[in-house]
S.K.: 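Have a look at this one.
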Number of protein chains: 2
Amino acid sequence: MPKRVAAPDYCLIARTMEALGEQWTLLIVRDAFFGIRHFDEFQKSLGIARNVLADRLAKLVDEGVLTRAQHPDDRRKVEYRLTDKGRDLLPVIISLTQWGVKWKRGEGEGVPFRFVDRETGSGIARIEVRSTEGKPLTARDLAIKPGPALTDAIRAHIPALRDSV
Amino acid sequence: MPKRVAAPDYCLIARTMEALGEQWTLLIVRDAFFGIRHFDEFQKSLGIARNVLADRLAKLVDEGVLTRAQHPDDRRKVEYRLTDKGRDLLPVIISLTQWGVKWKRGEGEGVPFRFVDRETGSGIARIEVRSTEGKPLTARDLAIKPGPALTDAIRAHIPALRDSV
DNA sequence: CTAATAGGTTGTCATAAGCAACGCAATATC
DNA sequence: GATATTGCGTTGCTTATGACAACCTATTAG
């Protein structure tokens with residue numbers, strides 16, 4: 001029984017992946033950020049099978065990431081648009097893209113297009129992880145600190161928490 | 001043939017998802033950020049099937065996100081550790097987590113643990129997308145601008161590019 | 001009124017994931 | 001120094017999911 005991403009819903013990432021982690025889902029969201037709104041546009045842009053696309057779009061609507069609405073002028077057309085919840089995925093999309101640009105781009109290969117500030121035309125800066133005090137942090141600067149919902153079961157799985165109090 | 005995320009490798013996100021988009025992969029990376037290093041720790045933490053875990057770890061090593069090394073003291077043990085390329089996924093992990101905290105957390109539900117600055121103990125600020133000039137940007141502030149590698153085929157798929165020059 | 005378009009649904013098949021059992025080498029225990 | 005245990009997988013079997021192509025329905029265009 002290949003169940004959806006199973007186990008540890010204690011972690012918010014796991015729950016996020018349950019919502020977005022299926023194949024194609026984030027690529028559909030990316031397309032939505034590019035302004036794609038119609039079934040066939042998604043289908044052609046991605047080359048995805050139509051049944052899978054229908055399934056993913058329905059789940060994204062269900063999840064509240066997209067809305068589904070009939071076009072007022074041509075009632076054959078259905079428009080899928082990002083909700084606030086969907087637009088909040090921008091940092092996810094951008095950070096994935098930036099990782100791809102840094103690590104998955106061929107030597108001397110250009111990008112096909114970029115997001116820019118529509119007002120000033122300037123590009124997007126490298127995303128940074130900062131402390132609440134504004135200090136830039138890398139993975140090496142981090143420690144794990146127990147939170148209110150920490151249980152013994154969870155603690156048992158995370159070495160960094162076993163050591164701490 | 002359920003091929004790996006097919007079509008559009010013109011987008012760096014697509015290529016990124018090819019590397020990281022399989023089920024479980026990002027959860028394994030998350031665990032690695034939590035300091036998990038051994039096969040059985042991943043397995044117990046995630047509840048993943050052992051054959052699938054073996055497959056994903058091998059692919060992550062292949063991809064250069066993790067290294068695989070024998071433990072010097074106990075040579076039964078194999079240690080999987082993040083590489084620089086893996087550590088560069090921190091913004092991805094954090095932005096996914098933050099989205100989950102905002103949109104997938106139950107009413108009044110606490111988090112089990114958090115990342116903090118190991119020196120000062122302070123938490124992680126909300127990740128922001130900024131222009132190169134430092135101006136915070138939301139999805140509504142963005143436009144798409146053609147890049148050097150833009151082809152007609154790509155342009156045809158993106159409505160926002162069809163309009164532009 | 002015939003054809004084309006938009007947005008799906010259905011059916012079949014290959015593949016990927018889940019599960020349990022086994023293998024095998026390196027320690028630990030007696 | 002034989003036996004058990006731990007750590008890291010692999011193998012075989014079953015089930016669920018994704019790909020592909022064909023079909024369906026409603027709406028609009030000619």
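Worth knowing before you read on, the calculation uses all heavy atoms, side chains too, and leaves out hydrogens, waters and symmetry mates. Every chain is numbered from 1, with letters handed out A, B, ... down the list of sequences.
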S.K.: Less than 4.0 angstrom between a side-chain N/O of A:W24 and OP1 or OP2 of D:dA19, yes or no?
M.R.: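 Indeed, a polar side-chain atom of A:W24 lies that close.
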S.K.: Output the rounded distance in Å from CD (A:Q23) to C1' (D:dT17).
M.R.: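 About 9 Å, once rounded to whole Å.
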S.K.: Using whole Å, report how far CD of B:E22 lies from P of D:dA16.
M.R.: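 It works out to 20 Å between those atoms.
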S.K.: Can you tell me the distance, in whole Å, between the CG atom of A:L27 and the C1' atom of D:dG18?
M.R.: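 Going from A:L27 (CG) to D:dG18 (C1'), I get 15 Å.
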S.K.: Phosphate oxygens OP1/OP2 of D:dG7: is one of them under 4.0 Å from a side-chain N or O of B:Y80?
M.R.: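 No, because none of the side-chain N or O atoms of B:Y80 sits under 4.0 Å from OP1 or OP2 of D:dG7.
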S.K.: Assuming nearest nucleotide by heavy-atom distance, tell me which of A:A49 and B:F39 is located more 5' along DNA chain D.
M.R.: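 Of the two residues, B:F39 wins.
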S.K.: Are the charged groups of A:E133 and A:K135 less than 4.0 angstrom apart, N to O?
M.R.: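 Salt bridge: no.
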S.K.: Using a cut-off of less than 4.0 Å, is there contact between a side-chain N or O of B:R56 and OP1 or OP2 of C:dA17?
M.R.: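 Indeed, a polar side-chain atom of B:R56 lies that close.
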S.K.: Rounding to a whole Å, what distance do you find between B:D73:CG and C:dA26:C1'?
M.R.: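 Rounded to whole Å, this separation is 13 Å.
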S.K.: Mind checking A:R75 for me? I need base, sugar-phosphate or nothing, with any heavy atom below 4.0 Å counting as a touch.
M.R.: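 Answer is sugar-phosphate: A:R75 comes under 4.0 Å of backbone atoms only.
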S.K.: State whether A:R68 places a side-chain N or O below 4.0 Å from either non-bridging phosphate oxygen (OP1 or OP2) of C:dG8.
M.R.: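 Result: yes.
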S.K.: Are side-chain heavy atoms of A:I124 and A:R114 found at a separation under 4.5 Å?
M.R.: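 A:I124 does not reach A:R114 side chain to side chain.
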S.K.: What residue among B:R68, B:K85, B:R56 forms salt bridge (charged side-chain N to carboxylate O under 4.0 Å, His left out) with B:E63?
M.R.: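 Testing each of B:R68, B:K85, B:R56 against B:E63, the sole residue satisfying salt bridge (charged side-chain N to carboxylate O under 4.0 Å, His left out) is B:K85.
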S.K.: I want to check something: taking the side chain as every heavy atom from C-beta on, are B:M17 and A:R30 in contact at a cut-off of under 4.5 Å?
M.R.: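 Counting from C-beta outward, B:M17 and A:R30 never come under 4.5 Å.
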S.K.: Quick one: label A:D74 by what it contacts on the DNA or RNA (base, sugar-phosphate, nothing), any heavy atom closer than 4.0 Å.
M.R.: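 Sugar-phosphate contact only - A:D74 comes under 4.0 Å of backbone atoms but never of a base.
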